[in-house]
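Below is one structure; the comments refer to it alone.
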Amino acid sequence: MWRFCSTPMSDSALAPVRVRFAPSPTGSLHIGGLRTALYNYLLARQTGGAFLLRIEDTDRDRFVEGAEADIQESLRWVGMDWDEGPDRGGPRAPYRQSERTDRYRDIVQQLLESGHAYLAFDTKEELDAARTAAGDAFAYDAASRMTMRNSLSLPADEVQRLVEAGMPYVVRFKVPERGEPVVFTDLVRGDVSIPLDRVDDQVLLKSDGFPTYHLANVVDDHDMQITHVIRGEEWLPSTPKHVLLYRALGWDAPQFAHLSLILSPTGGKLSKRSADKLGIPVNVAQYRDVGYDPRAVVNFLALLGWNPGDDRERFTLPELVDAFSLERLGDAPVTFSLDKLAWFNGLYLRDTPAEDLAAMALPAVQAKHPDVTLDALVPVADLMRERIAFANDLADFDYFFEDPAVYDEAGVAKRWKPEHSAALVRAYADAVEAAPSFDAETLETLLRQTADAAGVKAADLIHPVRIATTGTTAGASLFHTLEVLGRDAVVRRLRTAADRLG
RNA sequence: GGCCAGUUCGUCUAGGGGUUAGGACGCCGCUCUUUCACAGCGGUAACACGGGUUCGAUUCCCGUACUGGCUACCA
């Protein structure tokens with residue numbers, strides 16, 4: 001609408017926002033969660049606002065020890081920092097929901113007193129029965145609540161008796177029976193409207209005394225003065241509940257932006273299960289462990305559902321902070337592409353210093369070849385940089401660390417001539433052994449001399465030498481590879497191959 | 001089933017009433033390299049369908065189909 005005259009700067013000239021990333025510590029941070037965190041972070045940094053980390057640990061059954069630490073490490077790995085959070089506190093502390101239960105109970109009490117909530121005693125069995133009876137169409141709502149066992153349907157003295165007898169109960173939100181549809185503006189999709197009779201009486205307080213997400217998220221976002229709720233699309237259908245809650249509490253609701261979901265290449269939400277099957281890592285920690293460059297992960301993720309409006313594709317985190325805008329967020333689901341991520345990774349990998357590459361790959365290399373040192377790996381990294389997609393791929397080139405055990409069959413068939421290859425290779429080995437110096441240039445001169453002396457083309461020696469020293473037909477510049485291998489290994493390998501291949 | 005959202009090359013996307021529908025990944029080819037890769041160049045490939053509205057719809061509206069999400073005392 002105002003697109004014509006607006007510049008990228010004025011487009012998203014927002015007042016400082018307060019946004020949060022609010023993961024549940026039920027496991028390692030999911031790659032989709034990282035994207036959600038990223039968009040929140042970008043908006044906060046761009047507007048000079050605040051990015052908070054809040055831990056939503058209200059589900060005691062799914063709580064995973066160590067998950068919170070993993071989440072924090074994952075965020076730090078890609079370079080995202082937060083202004084307020086469980087580890088560093090802040091003016092709205094605490095930032096762990098399990099430490100805010102008193103606050104939720106107060107709010108629930110308030111809701112109960114104002115008639116916006118009620119006690120419900122229905123057991124799991126009773127609820128299941130109701131669902132079965134209604135053929136899955138059951139909703140605990142204005143239409144059905146009087147048929148259930150709660151403080152609305154039961155006489156007051158009975159409710160009193162049940163509570164005093166210690167009967168477990170939950171507190172449910174009482175959705176208004178009549179009224180206008182709930183309408184809210186989603187920054188990504190525009191106005192969304194849902195009729196009141198489609199909103200059910202959401203449980204606010206569980207029988208274990210912990211709040212549900214719906215309650216805790218509203219209370220915390222209000223208490224923490226969150227201005228923009230940027231979260232996954234899976235929350236879109238329950239947003240009316242949250243809007244109604246804000247209304248009942250007399251609070252202003254924040255702005256909402258629901259991000260399209262990341263789909264698996266085979267369809268459906270990119271879940272642990274579906275991704276594993278396709279070899280797609282789902283946890284951020286896995287990307288780190290496999291050797292992805294965090295800059296590539298961020299770059300890839302940023303462009304999955306957002307675009308800058310021009311053809312730029314390469315962005316560092318600070319560049320993203322500048323370029324980001326909510327307006328350019330896509331509203332359609334996106335499919336995860338490992339190929340594209342790998343391409344980004346190659347982009348960053350190619351201008352990573354060899355020293356850093358070697359350091360990244362060292363653990364993987366040492367797992368196969370314990371004696372390899374960082375110093376020995378640096379020249380390998382330098383040589384192979386353009387031929388690998390991940391730092392850890394360096395570990396695949398075993399020939400840098402041990403003599404080849406086998407020779408590529410097709411390569412031998414094509415390049416190794418029984419009539420003269422062995423003799424040529426032996427002659428070259430002798431020349432290399434006797435050479436005054438050992439460097440790529442000398443090695444090449446020597447090879448051409450050897451070939452000339454034997455009356456064959458250089459190629460007739462180059463290919464057999466590559467096979468003899470590396471076992472394969474593919475690789476970096478032959479003479480630089482030989483230089484990295486070292487004189488002893490080269491001479492030894494040449495002679496061994498001549499003997500074995502004949 | 002109900003509710004909500006979505007639908008431009010295989011994938012990520014730009015665009016938007018009149019365009020040769022643009023870019024990127026992938027794939028294919030060429031160049032470079034006596035190999036492989038990188039890089040460069042070129043190519044392949046898309047507006048889900050049906051009705052409207054309009055001089056003209058891929059673009060706006062309505063349906064349909066399909067996809068996805070939600071429908072827990074999980075988040």
Side-chain angles (χ1 to χ4, degrees), chain A residues 3 22-26 33 56-62 97 120 122-124 127-128 131 134-140 168-172 186 188-190 192-195 197-200 202-214 216-217 231-240 258 260-265 267-269 300 303-314 328 330-344 346-347 350 384-389 411 414-415 457-463 466-467 470 472-478 481:
Chain A
R3 254 173 220 142
S24 183
T26 53
E56 310 224 325
D57 55 348
T58 56
D59 186 341
R60 297 177 315 163
D61 295 334
R62 295 206 304 153
Q97 291 185 331
D122 316 273
T123 62
K124 181 162 192 326
L127 289 169
D128 285 347
R131 284 191 190 102
D136 242 12
F138 176 79
Y140 207 120
Y169 63 86
V170 300
V171 177
R172 285 182 182 270
D186 183 275
V188 175
R189 289 147 225 283
V192 177
S193 166
I194 298 188
D197 62 7
R198 290 290 137 208
V199 185
D200 63 355
Q202 182 58 50
V203 170
L204 301 177
L205 200 66
K206 299 183 267 187
S207 57
D208 63 4
F210 279 82
T212 58
Y213 170 84
H214 305 285
N217 126 282
R231 72 214 323 183
E233 191 186 342
E234 70 266 29
W235 295 111
L236 194 58
S238 53
T239 302
H258 288 94
S260 54
L261 261 18
I262 298 181
L263 267 31
S264 156
K269 201 151 59 155
F300 168 71
L303 260 20
L304 207 52
W306 173 84
N307 75 81
D310 53 40
D311 285 344
R312 283 179 299 163
E313 292 217 88
R314 191 169 174 167
R328 301 208 63 92
D331 53 5
V334 292
T335 306
F336 192 93
S337 165
L338 216 43
D339 278 342
K340 188 81 177 247
L341 210 208
W343 176 74
F344 272 116
L347 229 45
R350 257 162 258 135
M384 302 307 286
R385 191 209 314 265
E386 315 229 303
R387 267 153 273 260
I388 55 175
K414 185 174 179 193
R415 306 290 196 185
K457 288 178 295 179
D460 290 332
L461 187 48
I462 288 177
H463 295 296
R466 184 185 291 284
I467 289 172
T470 69
T472 85
T473 55
S477 151
L478 176 63
T481 302

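Lettering of chains follows the sequences in order, A, B, ..., and the numbering in each one begins at 1.
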- Message: Would you say OH of A:Tyr169 has more than 12 non-hydrogen atoms from neighbouring residues, nucleotides or ligands within 6.0 angstrom?
- Response: no
- OP1 or OP2 of B:G15 under 4.0 Å from side-chain N/O of A:Arg328: yes
- Task: Rounded to whole angstrom, note down the P distance from B:C27 over to B:U19.
- Result: 34 Å
- Distance check: side-chain N/O of A:Arg350 vs OP1/OP2 of B:A39, anything under 4.0 Å? yes
- Task: Check the distance between B:A24's P and A:Leu341's CG and give it to me in whole angstrom.
- Result: 19 Å
- For B:G52 and B:U58, measure between their P atoms and round to the nearest Å. 13 Å
- Can A:Leu304 and A:Phe336 be said to form a side chain to side chain contact (heavy atoms under 4.5 Å, CB included), step by step? CA-CA 8 Å; A:Leu304 207 52; A:Phe336 192 93; 4.2 Å; yes
- Task: Write down the distance separating the C1' atoms in B:G18 and B:C60, rounded off to the nearest Å.
- Result: 15 Å
- Message: Nearest heavy atom decides the nucleotide; on that basis, is A:Ser337 or A:Lys340 closer to the 5' end of RNA chain B?
- Response: A:Ser337
- G-U wobble or Watson-Crick pairing nucleotide for B:A5 (cut-off 3.5 Å, both distances): B:U67
- Could you give the CD1-to-P distance, from A:Ile467 to B:C36, as a whole number of Å? 13 Å
- Test A:Asn217 against A:Arg231 for side chain to side chain contact (heavy atoms under 4.5 Å, CB included), laying out the working first. CA-CA 12 Å; A:Asn217 126 282; A:Arg231 72 214 323 183; 3.2 Å; yes
- Note on the structure: From the candidates B:C4, B:C12, B:A37, the one with an atom nearest any side-chain atom of A:Val334 is B:C12
- Item | Sequence-aligned protein contact record of nucleotides 68-75 of chain B, with B where the base is within under 4.0 Å of a protein heavy atom and S where only the sugar-phosphate is | SBS-SBBB
- Task: Please state the P separation for the pair B:G68 and B:C73 - nearest whole angstrom.
- Result: 25 Å
- Item | B:A46 to B:U8 separation - C1' atoms, rounded to the nearest Å | 6 Å
- Could you tell me whether A:Ala332 contacts a base, only the sugar-phosphate backbone, or nothing, with contacts defined as non-hydrogen atoms closer than 4.0 Å? sugar-phosphate
- What is the distance, rounded to the nearest whole Å, between atom CZ of A:Phe336 and atom P of B:G26? 15 Å
- Message: Expressed as a whole number of angstroms, how long is the span from A:Arg314:CZ to B:A24:P?
- Response: 16 Å
- Task: Determine the contact category for A:Arg466: base if any of its heavy atoms lies under 4.0 Å from a base atom, sugar-phosphate if only primed atoms, P, OP1 or OP2 are that close, otherwise nothing.
- Result: base
- Message: Return the pairing partner of B:U54 with a 3.5 Å limit on both distances, Watson-Crick or G-U wobble; otherwise return none.
- Response: none
- Task: Would you mind reading off the distance between A:Leu478 atom CG and B:C36 atom C1', rounded to a whole angstrom?
- Result: 12 Å
- What's the verdict on side chain to side chain contact (heavy atoms under 4.5 Å, CB included) for A:Leu347 and A:Glu313, showing C-alpha distance, side-chain angles and the deciding distance? CA-CA 11 Å; A:Leu347 229 45; A:Glu313 292 217 88; over 6 Å; no
- Query: In the structure shown, which nucleotide is the Watson-Crick or G-U wobble counterpart of B:A39, with both distances under 3.5 Å?
  - Reply: B:U31
- Message: Does A:Gly232 reach a base, just sugar-phosphate, or nothing at all? Heavy atoms under 4.0 Å.
- Response: nothing
- Item | Spacing of the C1' atoms in B:C9 and B:G50 (rounded, Å) | 23 Å
- Item | Spacing between A:Glu386 atom CD and B:A39 atom P, to the nearest angstrom | 8 Å
- Nearest-Å distance once atom P is located in both B:U11 and B:A72: 32 Å
- Answer yes when A:Lys269 and A:Glu233 have at least one side-chain N-carboxylate O distance shorter than 4.0 Å, and no when they do not. no
- Under a 3.5 Å limit for both distances, which nucleotide forms a Watson-Crick or G-U wobble pair with B:G10, could you say? B:C25
- Query: Is the phosphate of B:A14, meaning OP1 or OP2, less than 4.0 Å from a side-chain N or O of A:Asn307?
  - Reply: yes
- Message: Measuring only the P atom in each nucleotide, how far is B:A14 from B:G23? A whole number of Å is fine.
- Response: 15 Å
- Item | A:Trp343 CH2 - B:A37 P separation (whole Å) | 18 Å
- Do side-chain atoms of A:Ser24 reach the backbone of A:Glu56 as a donor and acceptor pair under 3.5 angstrom? yes
- Message: Only pairs with both distances under 3.5 Å count, Watson-Crick or wobble alike; so what is the partner of B:A72 in this structure?
- Response: none
- Note on the structure: Scanning all shown strands, the Watson-Crick or wobble mate of B:U20 with both distances under 3.5 Å is none
- Verdict with supporting geometry, A:Thr473 and A:His463, side chain to side chain contact (heavy atoms under 4.5 Å, CB included): CA-CA 7 Å; A:Thr473 55; A:His463 295 296; over 6 Å; no
- How are the rings of A:His214 and A:Trp235 set to each other: parallel, tilted or perpendicular (split at 30° and 60°)? perpendicular
- Message: Please report the distance, rounded to the nearest Å, between CG in A:Leu304 and P in B:A24.
- Response: 18 Å
